[in-house]
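A short write-up of the structure that comes next.
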Amino acid sequence: MSSPVSSPPPRLISDELWSLVEPLIPPQKPAIHGRTGRPRTGDREVLEGIAFVLSTGIGWTKLPTELGYGSGVTCWRRMREWAQADVFDRLHQAVLDRLGEQGRLDWSRASLDSVSVRAKGGALTGPNPTDRGKAGSKYHLLVDATGLPLNIAVSGANRHDSMLVEPILDSMPAIKRGGRGHPRRRPVKLHADKGYDIPRVRRYLRRRGITARIARIGRDSSSRLGRHRWVVERTLGWLLSYKRLALRYDRTATTITALARLAVTLICARRLPPN
């Protein structure tokens, strides 16, 4: 039996963020033969429940109903429905658009890096070469000059970092900017460590018109170029503060990518000014 909750938990979904996500949520499907069953848990409460699981790492079936989020199974099912409707991707873009319109994104340089975590198996996993070949996943993160997450991708822990450069930059949506400037899809410069020092990566960046600031193997000092890359390392730390990501239990690609996208959206949402 669950222990009683003395006070409601703090809200993880701000009013500003909810105002952006509410229009993106698909309408409820009509009841079959007019049967509605038990009252449906509100979408905002469910999103709070998903964010609570993401933040605390608690199992879906162990989510206390006393918190008012509905059951963990309800939250899990609704999350998958929303993921299949691209709600989380579109929400991240909406937050970035809002920040871009307010001049809070710095496109002068971006940084790309990754971090590996243990996984209990499932899709987007692989033997981790730095953890005795145990199953793991890798989060690849692109941030702006201030460390705000612009994009994220999930892969197996054995996937080489350089293989995700093209996918993570090519999948960037056009982000709005303040004033009359055209929306942006790419930074002016890209900073990365020696793991990205591959001719193919440099050729790709030249084609995209992005200046490569990648440490050269055997030539460049990591500390010199690292004075700009520290922001992505800090943001990776923020990402892993969401405990459901720090040790991966969710087995499907749909679930883990939705949780990763929600995490970077919550990080970006901290910079949203109040309405």
Side-chain angles (χ1 to χ4, degrees), residues 11-29 41-58 60 63 69-70 72-100 105 117 119 122-124 137-144 148-155 164 167-176 185 235-236 238-246 248-272:
R11 280 199 176 274
L12 301 171
I13 307 301
S14 67
D15 291 341
E16 294 74 31
L17 183 58
W18 177 246
S19 70
L20 294 176
V21 69
E22 187 177 18
L24 304 177
I25 294 177
Q28 181 181 356
K29 296 179 180 179
T41 306
D43 288 331
R44 181 166 185 173
E45 286 71 29
V46 167
L47 185 58
E48 290 276 3
I50 297 169
F52 184 83
V53 169
L54 172 63
S55 299
T56 64
I58 192 172
W60 293 102
L63 181 66
Y69 303 145
V73 174
T74 294
C75 293
W76 179 82
R77 286 176 177 167
R78 201 88 57 92
M79 179 190 65
R80 289 183 60 85
E81 291 174 7
W82 294 345
Q84 291 164 0
D86 294 327
V87 169
F88 296 105
D89 289 345
R90 292 160 61 202
L91 175 59
H92 186 208
Q93 181 178 356
V95 173
L96 291 175
D97 280 340
R98 182 65 57 86
L99 293 172
L105 294 178
V117 298
L124 302 177
S137 293
K138 187 180 285 188
Y139 305 120
H140 305 262
L141 191 63
L142 178 72
V143 304
D144 80 340
L148 281 172
L150 299 173
N151 207 356
I152 190 169
V154 185
S155 75
L164 271 292
I168 206 166
L169 283 168
D170 286 346
S171 62
M172 272 293 301
I175 304 302
K176 296 178 181 178
R185 290 180 179 270
T235 307
L236 285 169
W238 291 341
L239 185 72
L240 295 188
S241 70
Y242 292 95
K243 296 180 181 179
R244 194 74 188 180
L245 299 180
R248 180 183 163 185
Y249 287 95
D250 298 276
R251 300 180 63 88
T252 68
T254 298
T255 302
I256 192 61
T257 54
L259 289 173
R261 183 66 66 181
L262 179 58
V264 296
T265 301
L266 292 173
I267 293 171
C268 289
R270 298 172 189 171
R271 303 280 184 92
L272 288 174

Distance-only, no hydrogens or angles: does the Glu48 side chain make a donor-acceptor pair with backbone N or O of Ile13 under 3.5 Å? yes

Residues at least two apart in sequence or cross-chain that pass salt bridge (charged side-chain N to carboxylate O under 4.0 Å, His left out) with Arg44, listed by chain then number, are Asp15

Could you give the distance from CG (Asp86) to CD (Gln93), rounded to the nearest 0.5 Å? 10.5 Å

Check: Val264 and His92 side chains under 4.5 Å, non-hydrogen atoms: yes

Apply side chain to side chain contact (heavy atoms under 4.5 Å, CB included) to Ser171 and list each qualifying residue two or more places apart in sequence or on a separate chain. Asn151

Determine, step by step, whether Leu105 and Leu148 satisfy the side chain to side chain contact (heavy atoms under 4.5 Å, CB included) criterion, reporting the C-alpha distance in whole Å, the side-chain angles of both residues, the deciding distance to 0.1 Å, and the verdict. CA-CA 8 Å; Leu105 294 178; Leu148 281 172; 3.7 Å; yes

Counting C-beta onward and ignoring hydrogens, is there a side-chain heavy-atom pair between Val117 and Leu240 closer than 4.5 Å? yes

For Asp250, give me all partners under salt bridge (charged side-chain N to carboxylate O under 4.0 Å, His left out), at least two apart in sequence or on another chain. Arg244

Do the non-hydrogen side-chain atoms of Arg80 and Trp76 ever get within less than 4.5 Å of each other? yes

Contacts of Asp43 that satisfy salt bridge (charged side-chain N to carboxylate O under 4.0 Å, His left out) - sequence neighbours left out: Arg40, Arg78

Start with the C-alpha distance between Thr252 and Leu124, add both sets of side-chain angles, then the distance that settles side chain to side chain contact (heavy atoms under 4.5 Å, CB included), and finish with yes or no. CA-CA 8 Å; Thr252 68; Leu124 302 177; over 6 Å; no

Trace of the side chain to side chain contact (heavy atoms under 4.5 Å, CB included) decision for Leu239 with Leu245: CA-CA 8 Å; Leu239 185 72; Leu245 299 180; 3.7 Å; yes

How many angstroms lie between atom CE of Met79 and atom CD of Gln84, to the nearest 0.5 angstrom? 10.0 Å

Heavy atoms of Ala253 and Ala123 approach each other most closely as N-CB, 3.7 Å

If I take atom CG from residue Leu259 and atom CG from residue Leu54, how far apart are they, to the nearest 0.5 angstrom? 5.5 Å

Could you check if a side-chain atom of Ile50 sits within less than 4.5 angstrom of a side-chain atom of Trp60, using non-hydrogen atoms only? yes

Just verifying a value: how many Å separate Trp18 CH2 and Leu47 CG, rounded to the nearest 0.5 Å? 6.5 Å

Which heavy atom of Ala269 sits nearest to which heavy atom of Val95, and what is that distance? N-CG1, 4.1 Å

Taken to the nearest 0.5 Å, the spacing of Tyr139 OH from Thr257 OG1 works out to 10.5 Å

Flag side-chain contact, heavy atom, 4.5 Å: Cys268 against Leu96: yes

Please tell me if the side chains of Val53 and Ser55 come closer than 4.5 Å, counting only heavy atoms from C-beta onward. no

Does Arg270 count as lying over the ring of Trp238, i.e. NZ or CZ under 6.0 Å from the six-ring centre, within 45 degrees of the axis? yes

Tyr69 and Cys75: which non-hydrogen atoms are nearest, and at how many Å? O-SG, 3.5 Å

Side-chain contact test, heavy atoms from C-beta onward, threshold under 4.5 Å: evaluate it for Leu63 versus Val73 and give yes or no. no

Carefully, step by step, assess Asp89 and Arg261 under the rule side chain to side chain contact (heavy atoms under 4.5 Å, CB included). CA-CA 7 Å; Asp89 289 345; Arg261 183 66 66 181; 3.0 Å; yes

Does any part of the side chain of Pro149, heavy atoms only, come nearer than 4.5 Å to the side chain of Leu142, both counted from C-beta? no

What pairs with Asp170 under salt bridge (charged side-chain N to carboxylate O under 4.0 Å, His left out), at least two apart in sequence or on another chain? Arg208

Restricting to side chain to side chain contact (heavy atoms under 4.5 Å, CB included), what partner residues turn up for Ser14, sequence neighbours left out? Glu16, Leu17

Output for pair (Tyr242 OH, Thr56 OG1), nearest 0.5 Å, gives 12.0 Å

